[in-house]
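Here's the structure, in structure tokens; my notes come after.
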Amino acid sequence: MSEAKFRLRVTYQKVGPVRFLSHLETARACERSIRRAGLPYAVTHGFNPHMRIAFGPALPVGTAGRAEMYDVWLTELVGPDDALERLRHATREELRAIACRYVDPKGPSLAAAADVAHYEVAVSGPPEVAESIARGLSSVSRSGTLTVEHKGKQKVFELATTLLKEPVVRPVDEGAVVEVVTRMSEQGSLRPDALVKAALGPALAGVASVSVTRTRLASRAADGTEEAL
């Protein structure tokens, strides 16, 4: 049985059409890339041994990611630059590896450590859409809560604790971009597109599209500052 000695943290992007892959499909694609790259990965113990790999918080289907992460345990030390180069050659561009580094094998899992998510919500619409979103966000913020329906169930988010920063609205050509920073927890996370759509209200009918990209995952320290994963 191979011994897991080295925990390699890989940062990768998930963009373009592959953003519609499920979390399980994404995991399988990454595992195939690791095999093609020839990295000396460790396998789990038990009746059904499989690659020892662990992913960060799942992206909703349709949401892109610029800095997603997984940890893969290796049996032999491979230089981070060498591992990155091998993964880049073995992975399709839409799931391209961006960075590799080693982390403490006994450290917390990515899923447990990542509790802050940064998003960009791109809204394609008329020139005044940025102003509409800004006004709507102020109104939603004053209400204090946002009720979101998902799979037939309603969940109420307390915005003062869910939003770690006041959303920033930037007008761009043919629309607007909204920067949202949310807290993630085992109880669920607020989807930023739900916040923006609520802010738009009736103006949503004049919007051509709303797309979401998760741009960064981080950990929140006790003093409220963010720490890189």
Side-chain angles (χ1 to χ4, degrees), residues 11-23 26 56-69 93-96 98 114-185 187-218 220 224 226:
T11 303
Y12 67 100
Q13 65 177 6
K14 183 183 179 185
V15 299
V18 302
R19 69 186 188 278
F20 293 105
L21 293 179
S22 69
H23 185 61
T26 303
L59 276 175
V61 173
T63 297
R66 289 189 198 150
E68 299 303 296
M69 294 178 177
E93 179 65 21
E94 294 90 341
L95 286 173
R96 183 168 59 91
I98 297 170
D115 56 3
V116 179
H118 291 242
Y119 294 94
E120 285 185 356
V121 184
V123 181
S124 178
E128 64 272 16
V129 71
E131 188 177 338
S132 297
I133 295 171
R135 279 200 309 269
L137 285 173
S138 296
S139 177
V140 172
S141 179
R142 284 196 299 272
S143 71
T145 61
L146 179 64
T147 301
V148 178
E149 186 169 332
H150 181 61
K151 295 182 178 179
K153 296 181 179 179
Q154 288 192 334
K155 186 170 182 59
V156 179
F157 291 91
E158 298 288 342
L159 296 179
T161 55
T162 299
L163 297 178
L164 298 177
K165 294 180 181 178
E166 184 177 349
V168 176
V169 184
R170 291 187 285 112
V172 297
D173 291 342
E174 301 181 355
V177 171
V178 187
E179 299 173 6
V180 181
V181 184
T182 67
R183 181 197 302 272
M184 297 187 293
S185 71
Q187 289 70 43
S189 304
L190 173 64
R191 292 185 59 155
D193 50 335
L195 174 67
V196 172
K197 289 177 179 178
L200 280 166
L204 181 62
V207 165
S209 65
V210 177
S211 61
V212 182
T213 299
R214 188 159 68 189
T215 58
R216 171 180 158 86
L217 289 168
R220 195 162 188 252
E226 286 189 21

Exercise. Under the 3.5 angstrom rule, does the side chain of S138 hit a backbone N or O of A134 as a donor-acceptor pair?
Worked result: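 Between the backbone of A134 and the side chain of S138 there is a qualifying donor-acceptor contact (under 3.5 Å).
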
Exercise. What do the steps show when you test L217 against V116 for side-chain contact (heavy atoms from CB on, under 4.5 Å), and what is the final call?
Worked result: CA-CA 6 Å; L217 289 168; V116 179; over 6 Å; no

Could you pull out the closest heavy-atom pair between [X] and [Y], with the gap in Å?
| X | Y | answer |
| --- | --- | --- |
| S132 | L200 | CB-CD2, 4.4 Å |
| R216 | A218 | NH2-CB, 3.8 Å |
| P192 | V212 | CG-CG1, 3.7 Å |
| L146 | L195 | CD2-CA, 3.8 Å |
| T215 | A67 | O-CB, 3.7 Å |
| M184 | A117 | SD-CB, 3.9 Å |

Which atom pairs, one a donor and one an acceptor, fall under 3.5 Å between side chains of residues 158-176 and the rest of the protein, sequence neighbours left out?
residue	atom	partner	partner atom	Å
T161	OG1	E158	O	3.1
T162	OG1	E158	O	2.9
R170	NE	E179	OE2	3.0
R170	NH2	E179	OE2	3.4

Rounded to the nearest 0.5 Å, how far does [atom2] of [Y] lie from [atom1] of [X]?
| X | Y | atom1 | atom2 | value |
| --- | --- | --- | --- | --- |
| M69 | Y12 | CE | OH | 10.5 Å |
| F20 | L59 | CZ | CG | 12.5 Å |
| T145 | K155 | OG1 | NZ | 12.5 Å |
| E226 | D115 | CD | CG | 9.0 Å |

Problem set entry | Set of side-chain hydrogen bond (donor to acceptor under 3.5 Å, both in side chains) partners for T63, sequence neighbours left out |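 For T63 there are no side-chain hydrogen bond (donor to acceptor under 3.5 Å, both in side chains) partners, ignoring immediate neighbours.
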
Problem set entry | Residues R19 and E94 bridged, charged N to O under 4.0 Å |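 Salt bridge flag = no for E94 with R19.
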
Exercise. Hey, is E68 close enough to R214 for a salt bridge, meaning N to O under 4.0 Å?
Worked result: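 Salt bridge flag = yes for R214 with E68.
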
Exercise. Can you name the side chain to side chain contact (heavy atoms under 4.5 Å, CB included) partners of E149, sequence neighbours left out?
Worked result: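 Side chain to side chain contact (heavy atoms under 4.5 Å, CB included) list for E149, sorted by chain: Q154.
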
Exercise. Stepwise, does the side-chain contact (heavy atoms from CB on, under 4.5 Å) test hold for V210 with V121?
Worked result: CA-CA 7 Å; V210 177; V121 184; 3.6 Å; yes

Exercise. Hey, mind stepping through L137 and V178 against side-chain contact (heavy atoms from CB on, under 4.5 Å) and telling me if it holds?
Worked result: CA-CA 10 Å; L137 285 173; V178 187; 4.2 Å; yes

For this session: Kindly indicate whether the side chain of R191, heavy atoms from C-beta on, has any atom under 4.5 Å from the side chain of P60.
Result: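 Result yes, sub-4.5 Å side-chain heavy-atom pair found.
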
Exercise. Given T26 and K14, is the side-chain contact (heavy atoms from CB on, under 4.5 Å) satisfied, shown in steps?
Worked result: CA-CA 9 Å; T26 303; K14 183 183 179 185; 3.1 Å; yes

For this session: State which residue, out of I98, T213, T11, fulfils the side chain to side chain contact (heavy atoms under 4.5 Å, CB included) condition with R66.
Result: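 When side chain to side chain contact (heavy atoms under 4.5 Å, CB included) is applied between R66 and each of I98, T213, T11, only T213 qualifies.
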
